[in-house]
Novice: 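Here it is, the structure, as C-alpha cells.
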Amino acid sequence: MDMDIFTWLSIIGTIAFAVSGAIVAMEEEYDILGVFVLGLVTAFGGGVVRNLLIAVPISTLWTQGMLLKTAVIAMAIAFVMPAKWIQRWRKSEAFFDAIGLSAFAIQGALYATGKHPLSAVIVAAMLTGIGGGMIRDVLAGRKPLVLRDEIYAVWAMGAGAAIGLGWFQTPLELFILFCIVIVFRMLSVHYKWRLPRRSLKFTLAQSVHAEEQRAAMQESDQPKEGRP
C-alpha cells in the first residue's frame, strides 16, 4: 500500500469541506465571493492554524495547488448545483465529513510526529481536522458545531494520540486508523453520542422559576386584608 492513498483521501476531504463551507455560505445568503471565501477557509483553515502551532511555514499552503484548484472547482459546482441535488448531498454529508476529518487529523498528526511532544501531536491532529469548520461557523455567525454537536473533535484527538504513541506507523496501519476514525464518527452520528454537558442557562431558568413559585406560594399563604 502506498502513502499516495492519503493524497486521494485529502482530495476527498478537501472537496467535502469546501462544499460544506459553500453550502453554509449559501444558507446565510452570502454572495459568490463569500461562498468561495467560506469554502476555502473550511477546507484549509485547520491546516493553516496547525502550521502556526508547530512552526511550519504558512507559505506551504501555496504548494498545494492541486488541492486549491480542486476546492475552487467543487465550490463552483456547488454554487450552480440545483437545490434538490444539494439536499441529496446533505443526506450523505456526515459520511464525507467523516472522511475529511479522518484524513486531515492523520495528516496533521504526521506533520507533528517526531518533531514535537505528544501533546502537540494531538492538538495538531485536532486543529487540522476541526479548525476549518470552527472558523467557518464563526464567520457565518454560528456557534461552532464541533463543540456542541455529536462527538467530533475527540476522534481527531484519538487519531493524533495513536500516531504520537507509535501505535500506527506503516501505510497499512495508518489506513486502518483512517477507517477506524470514520467508523466511530459515523457511530457517534447514528447513535447521537455526546460528551457530558452542563447548561447554566437551563439551571438558572429552573432556579428563577422555583423562586417565582416559592414567592407565589408565600403570597397565597398570607391572610388577605378584611378577612375575618
Side-chain angles (χ1 to χ4, degrees), residues 3-22 24-25 33-75 96-140 144-147 152-169 171 174-175 177-178 181-182 185:
M3 279 292 289
D4 285 343
I5 191 170
F6 287 98
T7 300
W8 290 103
L9 296 176
S10 295
I11 291 174
I12 295 173
T14 298
I15 293 173
F17 284 172
V19 173
S20 171
V24 169
L33 177 61
V35 170
F36 279 90
V37 169
L38 215 58
L40 288 173
V41 164
T42 307
F44 299 100
V48 170
V49 175
R50 174 206 64 214
N51 289 352
L52 283 172
L53 176 71
I54 62 176
V56 173
I58 301 178
S59 58
T60 56
L61 171 66
W62 308 118
T63 65
Q64 300 176 324
M66 182 186 66
L67 292 179
L68 287 168
K69 293 176 183 176
T70 301
V72 169
I73 293 172
M75 290 182 292
F96 288 103
D97 184 74
I99 291 176
L101 171 72
S102 182
F104 287 166
I106 292 173
Q107 180 195 65
L110 292 175
Y111 263 99
T113 299
K115 307 172 186 176
H116 301 279
L118 177 61
S119 57
V121 175
I122 295 174
V123 174
M126 181 186 69
L127 288 178
T128 309
I130 74 171
M134 292 181 65
I135 299 173
R136 174 202 65 201
D137 291 338
V138 171
L139 291 179
L145 292 176
V146 299
L147 299 181
Y152 190 92
V154 171
W155 306 130
M157 295 172 66
I163 292 174
L165 292 170
W167 296 348
F168 296 85
Q169 296 180 336
L174 291 173
F175 181 73
L177 177 62
F178 169 78
V181 173
I182 292 177
R185 169 57 185 158

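All values reported here derive from a predicted model rather than from experimental measurement.
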Novice: Calculate, to the nearest 0.5 Å, the distance between atoms CD1 and OH belonging to Ile130 and Tyr152 respectively.
Specialist: 8.0 Å
Novice: Under 3.5 Å, side chain of Thr113 to main-chain N/O of Ala109, donor-acceptor pair present?
Specialist: yes
Novice: Would you say the side chain of Ile122 lies within less than 4.5 Å of the side chain of Leu118, judging by non-hydrogen atoms?
Specialist: yes
Novice: Is the shortest side-chain heavy-atom distance between Thr14 and Phe44 below 4.5 Å?
Specialist: yes
Novice: Answer yes or no on whether Arg50 is positioned over the face of Tyr111, meaning its NZ or CZ is under 6.0 Å from the six-membered ring centre and within 45° of the axis.
Specialist: yes
Novice: Looking at Gly108 and Thr128, what are the two nearest heavy atoms and their distance?
Specialist: CA-OG1, 3.4 Å
Novice: To the nearest 0.5 Å, what is the distance between CE on Met126 and CG on Leu53?
Specialist: 9.0 Å
Novice: For a quick test of reading the model, state the closest non-hydrogen atom pair linking Val41 to Arg136 and the distance between them.
Specialist: CG1-N, 4.2 Å
Novice: As an exercise, state the distance from OG of Ser20 to CE of Met75, rounded to the nearest 0.5 Å.
Specialist: 12.0 Å
Novice: Taking all atoms of both residues into account, what is the closest heavy-atom pair of Ala156 and Ala125, and its distance?
Specialist: O-CB, 3.5 Å
Novice: Could you tell me whether the side chains of Arg185 and Ser102 share a donor-acceptor contact shorter than 3.5 Å?
Specialist: no
Novice: Check whether any side-chain heavy atom of Ile11 lies under 4.5 Å from a side-chain heavy atom of Met66, and answer yes or no.
Specialist: yes
Novice: Considering non-hydrogen atoms only, spot the tightest contact between Thr42 and Gly21 and give its length.
Specialist: OG1-CA, 3.4 Å
Novice: Are any of the side-chain heavy atoms of Trp167 and Leu177 separated by less than 4.5 Å?
Specialist: no
Novice: For Leu38, run the side-chain contact (heavy atoms from CB on, under 4.5 Å) check against Ile135, Leu139, Asp137, Leu33 and tell me which one passes.
Specialist: Leu139
Novice: Which atom pair, heavy atoms only, marks the closest approach of Ile182 to Ala98?
Specialist: CG1-O, 3.8 Å
Novice: Taking the six-membered ring where the residue is Trp, are the ring centres of Phe104 and Phe17 under 6.0 Å apart?
Specialist: yes
Novice: Output all residues satisfying side-chain contact (heavy atoms from CB on, under 4.5 Å) with Val138, sequence neighbours left out; order by chain, then residue number.
Specialist: Pro144
Novice: Kindly give the heavy-atom pair with the smallest separation between Ala159 and Val181, and that separation in Å.
Specialist: CB-CG2, 3.9 Å
Novice: State, yes or no, whether a side-chain contact exists between Leu110 and Val121 at a heavy-atom distance under 4.5 Å.
Specialist: no
Novice: Take Trp62 and Leu68 through the test side chain to side chain contact (heavy atoms under 4.5 Å, CB included) and record every step on the way to the result.
Specialist: CA-CA 8 Å; Trp62 308 118; Leu68 287 168; 4.0 Å; yes
Novice: Quick check: do Leu174 and Ile163 have side-chain heavy atoms less than 4.5 Å from each other?
Specialist: yes
